[in-house]
A.B. asks: 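The following block contains the structure, expressed as structure tokens.
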Amino acid sequence: MNRYAEIIVKNNSIHTDTVYSYKIPDHLEDILKPGHRVLVPFGRGNKPVEGYIFRIGRITNECPDNMKDIVDVLDENPIFSENQLELIKWMRNRYLCTYMDCINVMHPKGINIKNYRVVYPGEKISRISDAEIYEIIKNLSENEKKVIESLLNGKERIEENKIRGIENLTELLYRMKNKGLIQLKWEYKSRKNEKKLCIVSISDEIENIDIYIEKNKIRLGKRQKDIIEFLKLNDSSEINDIMEILKVSSRSIKSLSEKGLVKFRYEDYYRRPDSVYQSDRKKIVLNEEQKYVSETIKNEMFDEGKKPYMIHGVTGSGKTEVYMDIIEYALSQGLDSILLVPEISLTPQTVARIKNRFGDIVGVFHSQLSEGEKHDVFKSVENGDTRILIGARSAIFAPFKSLGLVIIDEFHESSYKSEKNPKFSTIEVARFMAYKWKITLIMGSATPSVEEYYRTENGEYKLLEIKKRANEKPLPKIETVDMREELEYGNKSIFSRKMIKEIRNAYEKGEQSIVFLNRRGYANFVSCRSCGYVAKCPNCDISLTYHKGINSIRCHYCGYEIKMPAECPECKSPYIKPFGTGTQRIEEELQNLIPGIKVLRMDKDTTSKKGAFDDILKRFSKKEADVLVGTQMITKGLDFDNVTVVGIVSADMMLNFPDFRSFETTFQIITQVAGRAGRAQKDGKVILQTYNTEHYAIKNAMDYDFESFYRNEIKIRKAFEYAPFNNMISVVISGENEGIVKRNIHSMYNSIVYLLKERGYTDFEFMLGPNPCPISKINRNYRWQILFRDEGVEINLLKGIIRYVCITKRDSVFDKNINISIDINPNSIL
DNA sequence: AGCACGCCGACT
DNA sequence: GTCGGCGTGCTC
């Protein structure tokens, strides 16, 4: 025994987030590899817990002297490759999270360890006669007697949780242990969460089942005869099917197997979620631009020094076709692919197209799957049954054996940044994989993010452009309406005359329109005109949104909901009314202004039920409605032939959002929504309402001029030292008691300043705060924040100090019941 | 975090 | 002597 392993122990605690060393017993020496999942004794009680081998080495005197032995290996093969282990370490460091945070996202749990304490006789009652035991029991307390009796009934062994009717059992057991009455040991079972199919067929050795039965004088019951007859016709069948069709029990099938007549074969069952959306299989020929992009990437696929690619293609440029062409090539070279999409449930059309083209080797992965389902999908990836995986951000971690290609579609979308630990950026992870593992990385968008586009300018990515739409149609013309002029004219409605005219025209011609507004509900706040009262959520620092159908006001953060008050709760005046506009109101106004028009609404409220999203899309594409009103959801990848008018109700709402990315988001959303129009043969038209007709984000979007927008925006980013010129770290402290939260964030601030001073820093300009977050309360939790900018400070030192203060020394710096959230380059700092 | 264990005070 | 409660310190 001269080898040991460095192991991460499975524990949801930041206190155990380190490497532990264990000795490798001789019988496991040839088996264990880095990435293997093992069982190790942990803590004073040697409780068996799951661990992950990160490194194996020869035992030297550097090793801790109290190493314990690895108990067992949990899987036949390592669950992580060396590459993945490297990625785990990198992520933990990059996103200031724990090893387990990373492991959890990379390995959906399929097998759980169940561990429990078991009671055994202690030395005092071992190897002695019944009479002697009786003598001892006589002097024990009631509860102690109970334990010993159950122990003797249980054949000298009983699991703790099988002993019933004793309060504070664990403490009693420890006392009995100290007296030598009993021993306590930890034991475990591993429970598989993998669903298997059991395939039943007639045993291979039997040539003719009827003759065999007669020869061997086997007697069969009626049910059993039925099963044999069924199997003669059906060759092999799944056991549950047989039970259902023939109405027989599993017992009858088992007894056939005991008689040697049938055999079982187990197959993996992948709970593969199927998209219901169907699309026609069209033979597509790539046009010149598309072909150029595709060929460039294919030609360089095996170049060591290739860079990641950014495809900047206008909306409707047929990027998906290009992706499929490249995926097909990769496949022909024996390479597997991952295609990431922002939100899988919002892109059923894309999924359907790819499944149609590539069939069964396409898998789908997204966050709404259960842990077991995720495990199954990853399992089928590992086995090689799935060779193309479409999914949301965590699909990037799929354990492909020969991954060659990662495509991030609509890479500017914010959903590629995780909000949960590890708070990883999918683009950063993909880039890590591209550089370290020589994978082809393609990022595609019609509206690249300023940060990533900056990298193409720096030469980090290779830029490939598609400037023409696949259908050769020009991009729909965007016309702005100055809402100030509308107001001067006396139009106080939410719609300009022009927008209504265009929607009406389309309606009369039998064409469809899409109206976009990024706010759901009926009205965004409820206020009293006489005293100025605004209805707020008692749990969050958010004004409540009015929902008309149910006549109530609701918080979009925590779900709090009350009936719409008839009078102002403050001044009792009846002038309390909803203000502002949401999608519900748009729907209603449209129906008032254009009688007879049919409107479908698509937002979080109408798509919360499973399948509702698909349903609305189907109904709209079957022309059951003339207008589709919706929020963000309708900006992504929707493809309708008959849509000729797109209305953007208020560009200002996005423009005035308190975030440094708000201009960028405005530009992106306008471009994306506009791209929904005129996708087939008919021309499209876009009406954009705004009070800021002169703003560059709006003017550049009108001309589809990304280049100019980028030039304008990057100047501002540079002037204020925002991304991409800077990294930002946000630390948010939250808790139910505002005073405690405040005290905690101040002591954190002081600790960090203290440590920085020790390192010779005197200037702390790069620390902003502590301040209350813009949304100062969510779900009863008060929130305070410190923002760190990567300017005038060594970033790795700063990260090290943050980790030390917020994680390593958490207990001495912070109170118990507060939450700490650390986010590197967060999407929003609200 | 989760666990083992030790110490204290209340109660038979 | 027993029982329950709580605080503490450690995890290869």
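Remember, predicted model here, so these are calculated numbers, not experimental data. Labels below follow one simple rule: chain letters A, B, ... track the order of the sequence lines, proteins then strands, and each chain is numbered from 1.
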A.B. asks: Decide, yes or no, whether a salt bridge links Asp101(A) with Lys423(A) under the criterion of side-chain N to carboxylate O below 4.0 Å.
C.D. replies: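 Looking at Asp101(A) and Lys423(A), the cut-off is not met.
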A.B. asks: Would you mind reading off the distance between Glu167(A) atom CD and dG4(C) atom C1', rounded to a whole angstrom?
C.D. replies: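 So the CD-C1' distance, Glu167(A) to dG4(C), works out to 10 Å.
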A.B. asks: Go through residues 90-103 of chain A and report each residue with a non-hydrogen atom lying under 4.0 Å from DNA chain B, sorted by number.
C.D. replies: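 Residues of residues 90-103 of chain A under 4.0 Å from DNA chain B: none.
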A.B. asks: Taking Arg393(A) for its side chain and Ser415(A) for its backbone only, find out whether a donor-acceptor pair lies under 3.5 Å.
C.D. replies: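 Yes, Arg393(A) side chain to Ser415(A) backbone: donor-acceptor pair under 3.5 Å.
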A.B. asks: Of all nucleotides in DNA chain B that come within under 4.0 Å of a heavy atom of chain A, which is furthest toward the 5' end and which toward the 3' end?
C.D. replies: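 In short, chain A contacts DNA chain B from dA1(B) to dC5(B).
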A.B. asks: Would you call Phe766(A) and Met728(A) a side-chain contact if the rule is heavy atoms closer than 4.5 Å?
C.D. replies: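 Not touching, per the 4.5 Å side-chain cut-off.
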A.B. asks: Does a salt bridge link Glu187(A) with Arg157(A), judged by any charged N lying under 4.0 Å from a carboxylate O?
C.D. replies: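 Looking at Arg157(A) together with Glu187(A), the answer is yes, because their closest N to O distance falls below 4.0 Å.
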A.B. asks: Give the ring-plane orientation class for Phe397(A) versus Phe424(A), where under 30° counts as parallel, over 60° as perpendicular and anything between as tilted.
C.D. replies: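 Because their plane-to-plane angle is over 60°, the rings of Phe397(A) and Phe424(A) count as perpendicular.
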A.B. asks: Specify the closest pair of heavy atoms between Lys417(A) and Ile824(A), including all atoms of both residues, with the distance to one decimal.
C.D. replies: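 Nearest heavy atoms, Lys417(A) then Ile824(A): CE-O, 3.1 Å.
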A.B. asks: Which distance, rounded to the nearest 0.5 Å, do you find between the CD of Glu50(A) and the CZ of Phe42(A)?
C.D. replies: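 So the CD of Glu50(A) and the CZ of Phe42(A) are separated by 13.5 Å.
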A.B. asks: Could you run through nucleotides 5-12 of chain C and give me one letter per nucleotide, 5' to 3': B if any protein heavy atom sits under 4.0 Å from the base, S if only the sugar-phosphate is that close, - if neither?
C.D. replies: B---B-BB
A.B. asks: With DNA chain B as reference, determine whether Gly45(A) or Ser13(A) sits nearer its 5' end, using the nearest nucleotide of each.
C.D. replies: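 Final value for this comparison: Ser13(A).
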A.B. asks: Between Glu159(A) and Lys162(A) (salt bridge meaning N to carboxylate O under 4.0 Å), is one present in this structure?
C.D. replies: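 Yes.
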A.B. asks: Considering every strand and a 4.0 Å limit on heavy-atom distances, what is the contact class for Arg117(A): base, sugar-phosphate, or nothing?
C.D. replies: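 Sugar-phosphate only.
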A.B. asks: Hey, can you tell me if Tyr52(A) and Phe80(A) have their rings parallel, tilted or perpendicular (30° and 60° cut-offs)?
C.D. replies: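 Rings of Tyr52(A) and Phe80(A): tilted, as their planes differ by 30° to 60°.
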A.B. asks: Could you check whether any side-chain N or O of Asp69(A) sits under 3.5 Å from a backbone N or O of Val71(A), counting only pairs where one atom can act as donor and the other as acceptor?
C.D. replies: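 No: the side chain of Asp69(A) does not pair with the backbone of Val71(A).
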A.B. asks: Take atom NZ of Lys146(A) and atom P of dC3(C), then tell me their distance rounded to the nearest Å.
C.D. replies: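 After rounding, the reported distance stands at 12 Å.
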A.B. asks: By side chain to side chain contact (heavy atoms under 4.5 Å, CB included), which residues pair with Glu149(A), not counting sequence neighbours?
C.D. replies: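 For Glu149(A) the side chain to side chain contact (heavy atoms under 4.5 Å, CB included) partners, ignoring immediate neighbours, are Lys145(A).
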A.B. asks: Please classify the nucleic acid contact of Tyr174(A) as base, sugar-phosphate, or nothing, using heavy-atom distances under 4.0 Å.
C.D. replies: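 Tyr174(A): backbone/sugar contact only, no base atoms under 4.0 Å.
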A.B. asks: Enumerate the residue pairs fulfilling salt bridge (Lys or Arg N to Asp or Glu O under 4.0 Å) with a member in residues 733-754 of chain A, sequence neighbours excluded, ordered by first and then second residue.
C.D. replies: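 Applying salt bridge (Lys or Arg N to Asp or Glu O under 4.0 Å) to every pair that reaches into residues 733-754 of chain A, excluding sequence neighbours, yields Arg743(A)-Asp815(A).
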A.B. asks: Check DNA chain C against residues 156-163 of chain A and give the residues with a non-hydrogen atom under 4.0 Å, in numerical order.
C.D. replies: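 Output list: empty, so none.
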A.B. asks: Run Arg810(A) and Tyr804(A) through side-chain hydrogen bond (donor to acceptor under 3.5 Å, both in side chains) and show every step you take.
C.D. replies: CA-CA 8 Å; Arg810(A) 180 185 171 133; Tyr804(A) 183 76; over 6 Å; no
